[in-house]
2 protein chains.
Amino acid sequence: MTEPSPRGGQAPTAGAAPTLQDVARLAGVSRATVSRVVNGGSLVSPETAETVNAAVRELGYQPNHAARMLVTRRSGVVAVLVPETDLRVFSDPYFAATYHGVISSFSGHEAQVVLAMSKPGEPAERLVEYLTSGRIDGAVVASHHGSDLPRALAGVSQPVVFIGDPGVPGLAYADLDNTRGAVLATQRLIQSGRRRLATVTGSLDMVAGQHRRAGFTRACAEAGITPVAIIPGSFTEASGREAARSVLSARHDIDGLFVASDLMAAGVMAELQHAGVRVPEDIAIVGFDDSEMARRVRPALTTVRGHAHEVAQEAGRMLRELLSGSTLPAPVILAPDLVLRDSA
Amino acid sequence: MTEPSPRGGQAPTAGAAPTLQDVARLAGVSRATVSRVVNGGSLVSPETAETVNAAVRELGYQPNHAARMLVTRRSGVVAVLVPETDLRVFSDPYFAATYHGVISSFSGHEAQVVLAMSKPGEPAERLVEYLTSGRIDGAVVASHHGSDLPRALAGVSQPVVFIGDPGVPGLAYADLDNTRGAVLATQRLIQSGRRRLATVTGSLDMVAGQHRRAGFTRACAEAGITPVAIIPGSFTEASGREAARSVLSARHDIDGLFVASDLMAAGVMAELQHAGVRVPEDIAIVGFDDSEMARRVRPALTTVRGHAHEVAQEAGRMLRELLSGSTLPAPVILAPDLVLRDSA
DNA sequence: CTGTTAGCGCGTTCAA
DNA sequence: TTGAACGCGCTAACAG
């Protein structure tokens, strides 16, 4: 029995990460004091704080996350949950703006913001598991389809904020007034003299898709115009190309087209131009989002500023409130506006 | 002393997550047995295993990650570390391919793969802290500039695999033969009859940038051609635009241009065409990467297939080996090939 | 202001 | 094949 309990009263083992205990020993104080210094330093005399900090530096001490998490029951991590595959997320600038918006609303705060997407074959439910696994303290959910995910998330104890009305009462969300945006876009087409109008919709299992379509039909109705066609899309560039081909083959004789996202509009334009259709001379096009795609394509896209960054920032702010104990914040709806460029 | 220790012998508290203890109680076994069942189930009789699994299901038990991590000292998470800001990461398809490649090499394995980027103002060192914080078990590092980061990472106990030669001995990496790729690109320009050649380089503090430039100069030398210009770029689209403007204003009279990445090439082409230069008639262009940009631009870009996905996959595979205890695996260098399209 | 103490939930010896 | 006991590193009462 010459061996005491492991590391009991010993110097820090070389190679092993130093612990609070090691720091305490070096500084000649108790673990609790070191803990106080490490977590803010209040309630500790300046001198001891300095002694402790010196020991921390000397040892290169880093708090053990697991141990801290075990007792505080918080991970210091929040997630942006996107029920789409990485392929889609990385190819649509909308998600970059959204992620960046949430990040910016947490800048200067301790929390780390991670991006979690669905794996190709997986059900969106895995994101719920991730949220309840204890690895994250809360989440912002973007691009949810249908209301299964919101319903599943409604029963979870971690705070969640949606981007776009989740359609389930009692949940926090930030959104853009998508209907209004589509009205603006459609009115622009009408103002520029177009009468044979059509729209390429976004995913119709998403509120954003529904509202943008609704805005289009409403603006048409208000102007006494009957839409020539309503072509289903899914917010991807490929679906835009497909929509354009269907427009061409149906020989719709359209002269104005509202496309529910810039990415789709890029696909539409590429395909139309490939077929010899001139934009805007033959068909005027208005997009939606004002993403970088709008500036990249020729002609530059007239579009609706979707404030993706700001909406996400609002969502992040609401999540912060929820995390700090606030009750359900009221939804925040931002107003879109029109960006005039060359395509309409 | 009527109160026993908290929750001792009690039913699981409503609202609190069920613990191993709760499951053990419900199944009528000890915690250790439940633990065995949850982690593989060997060394447990089939009947008790079934009883335990039933209890797990009934309670909806999820293992507490923090507690498990505290004792196993592993997090089950690996990271793709990118010392670039999210703006850059999300705007270059190269990173999507890289991330996806690493993910795919871990598919079917327990590990979760996360993407970690630098925040705008932060030094790349923060990524080292992240790696040593215990939150991840290992990492693949992509797009490192210079050798400060590799050197810092060399002293870390967690396994790390680089994409691109880190320039520090003793580190694992996967790479593309960038020099060879640049040679192929340049030879293509020469074969198509171009003699007044120039290159827009990538970041010259990255080995990929250096090697691509070296391949260009080598191919020129071998053909007895003196390069007209070597224009510095940084792999971004904006730097491509800038390079194009400098080409135009210097009136270099170039007829063949090797641009060290597709994204830059897109910027170069947009700017040249804007100035009335025809591609490939006036200036032939070869890009590098074969990213989706190469197919999106007009004319479609002749480029070098950089196999970003496969290189990343190799790096992921090497990381898996390292994590399972293997010694330093030999570097893997993939061979590029040329993709002929319309720009050269 | 500081130290002592008691767990957080789990994996893992060591005995039985 | 199973159970009892220990400790991973840390925070949060509670005493002093």
Side-chain angles (χ1 to χ4, degrees), chain A residues 3-10 12-13 16-25 27-52 55-56 59 61-76 110 132-135, chain B residues 1 3-10 12-13 16-25 27-52 55-56 59 61-76 132-135:
Chain A
E3 279 293 307
S5 72
R7 304 190 55 191
Q10 304 299 316
T13 312
T19 74
L20 211 57
Q21 182 70 271
D22 298 325
V23 176
R25 203 152 31 217
V29 298
S30 74
R31 293 206 319 264
T33 299
V34 178
S35 176
R36 289 188 192 101
V37 172
V38 171
N39 302 319
S42 66
L43 253 44
V44 180
S45 78
E47 307 93 61
T48 44
E50 189 35 52
T51 315
V52 168
V56 165
L59 261 37
Y61 169 74
Q62 278 187 276
N64 181 313
H65 229 76
R68 175 179 283 182
M69 218 167 129
L70 186 57
V71 45
T72 62
R73 313 193 144 280
R74 285 186 298 97
S75 65
E110 278 303 299
T132 59
S133 74
R135 288 197 282 244
Chain B
M1 291 315 207
E3 279 293 306
S5 71
R7 303 191 55 192
Q10 305 297 319
T13 313
T19 74
L20 212 56
Q21 182 71 272
D22 299 324
V23 176
R25 204 151 31 218
V29 297
S30 75
R31 294 209 317 264
T33 300
V34 179
S35 174
R36 290 187 191 102
V37 172
V38 170
N39 302 320
S42 66
L43 255 43
V44 181
S45 77
E47 307 93 62
T48 43
E50 188 37 52
T51 315
V52 169
V56 165
L59 260 38
Y61 169 74
Q62 277 187 277
N64 180 312
H65 228 74
R68 176 178 281 184
M69 217 166 128
L70 186 57
V71 46
T72 62
R73 313 194 143 281
R74 285 187 300 98
S75 65
T132 58
S133 75
R135 288 197 284 243

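Letters A, B, ... are given to chains in the order of the sequence lines, protein chains preceding strands, and every chain is numbered from 1.
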>> Without decimals, in angstroms, what is the distance between A/Gln62 CD and D/dC8 C1'?
In response: 17 Å

> Rounding to a whole Å, what distance do you find between B/Arg73:CZ and C/dG11:C1'?
Replying inline: 12 Å

> Considering only D/dT2, C/dG9, C/dT12, which nucleotide approaches the side chain of B/Val44 most closely?
Replying inline: D/dT2

>> Let me check the geometry of the helix from C/dC1-D/dG16 to C/dA16-D/dT1. What is the bend angle between the axes at its two ends, five pairs each, to 10°?
In response: 30°

> Is A/Thr48 near enough to C/dT2 that one of its side-chain N or O atoms lies under 4.0 angstrom from OP1 or OP2?
Replying inline: yes

>> Return the CE to CZ distance between A/Met69 and A/Arg135, rounded to the nearest 0.5 Å.
In response: 8.0 Å

> If every non-hydrogen atom of B/Tyr61 is compared with every non-hydrogen atom of B/Val38, which pair is closest and at what distance?
Replying inline: CE2-CG2, 4.2 Å

> Which heavy atom in A/Val29 sits nearest to a heavy atom in A/Val52, and how many Å separate them?
Replying inline: CG2-CG2, 4.0 Å

> Is a side-chain donor or acceptor of B/Ser35 paired with a backbone partner of B/Arg31 at a separation under 3.5 angstrom?
Replying inline: no

> What nucleic acid atoms does B/Leu20 come within less than 4.0 Å of, heavy atoms only: base, sugar-phosphate, or nothing?
Replying inline: sugar-phosphate

>> Rounded to whole Å, please give me the gap between CG in A/Asn64 and P in D/dG9.
In response: 7 Å

> Taking CZ from B/Arg68 and P from C/dC8, how many angstroms apart are they, rounded to a whole number?
Replying inline: 18 Å

> A/Ser30 has a side chain; which of C/dT4, C/dC8, D/dC10 sits nearest to it?
Replying inline: C/dT4

>> Whole angstroms only, please: what is the CD-C1' distance between B/Gln21 and C/dC8?
In response: 13 Å

>> Using whole Å, what does the distance between atom P of nucleotide D/dG9 and atom CG of A/Asp22 come to?
In response: 9 Å

> Which atoms form the tightest heavy-atom contact between B/Val37 and B/Val44, and what is the distance?
Replying inline: CG2-CG1, 3.9 Å

> Between B/Thr132 and A/Gln62, do the side chains contain an N or O donor and an N or O acceptor separated by less than 3.5 Å?
Replying inline: yes

> Can you tell which of C/dC10, D/dA12, C/dT2 lies closest to the side chain of A/Leu43?
Replying inline: C/dT2

>> Can you work out whether B/Val29 or A/Arg74 has the more 5'-proximal nearest nucleotide on DNA chain D?
In response: B/Val29

> If you check the A/Thr33 side chain, which of C/dT2, C/dG9, D/dC10 turns out closest?
Replying inline: C/dT2

> Closest nucleotide of DNA chain D for A/Ala67 versus for B/Ser45: which of these residues is on the 5' side?
Replying inline: B/Ser45

> In terms of side-chain heavy atoms, does B/Thr48 have a donor or acceptor partner in B/Ser45 at a distance below 3.5 Å?
Replying inline: yes

>> Between B/Asn64 and A/Arg73, is there a side-chain donor-acceptor contact under 3.5 Å, judged purely by atom types and distance?
In response: no

> Looking at C/dC10, C/dG11, D/dC10, which one has an atom nearest to any side-chain atom of A/Arg31?
Replying inline: D/dC10

> Where do B/Thr51 and B/Ala27 come nearest, in terms of heavy atoms and distance?
Replying inline: CG2-O, 3.8 Å

> Which nucleotide in the list D/dC10, D/dT11, D/dC8 gets nearest to the side chain of B/Leu70?
Replying inline: D/dC8

> Can you tell me how far the OG atom of A/Ser30 sits from the CG atom of A/Leu20, to the nearest 0.5 Å?
Replying inline: 9.0 Å

Any protein N or O atoms within reach of nucleotides 14-16 of chain D? Criterion: under 3.5 Å, listing atom names and distances.
none

>> Looking at B/Thr72, I'd like to know whether one of its side-chain N or O atoms comes within less than 4.0 Å of OP1 or OP2 on C/dG11.
In response: no

>> Quick check on DNA chain C: between A/Gly28 and B/Pro63, whose nearest nucleotide comes earlier from the 5' end?
In response: A/Gly28

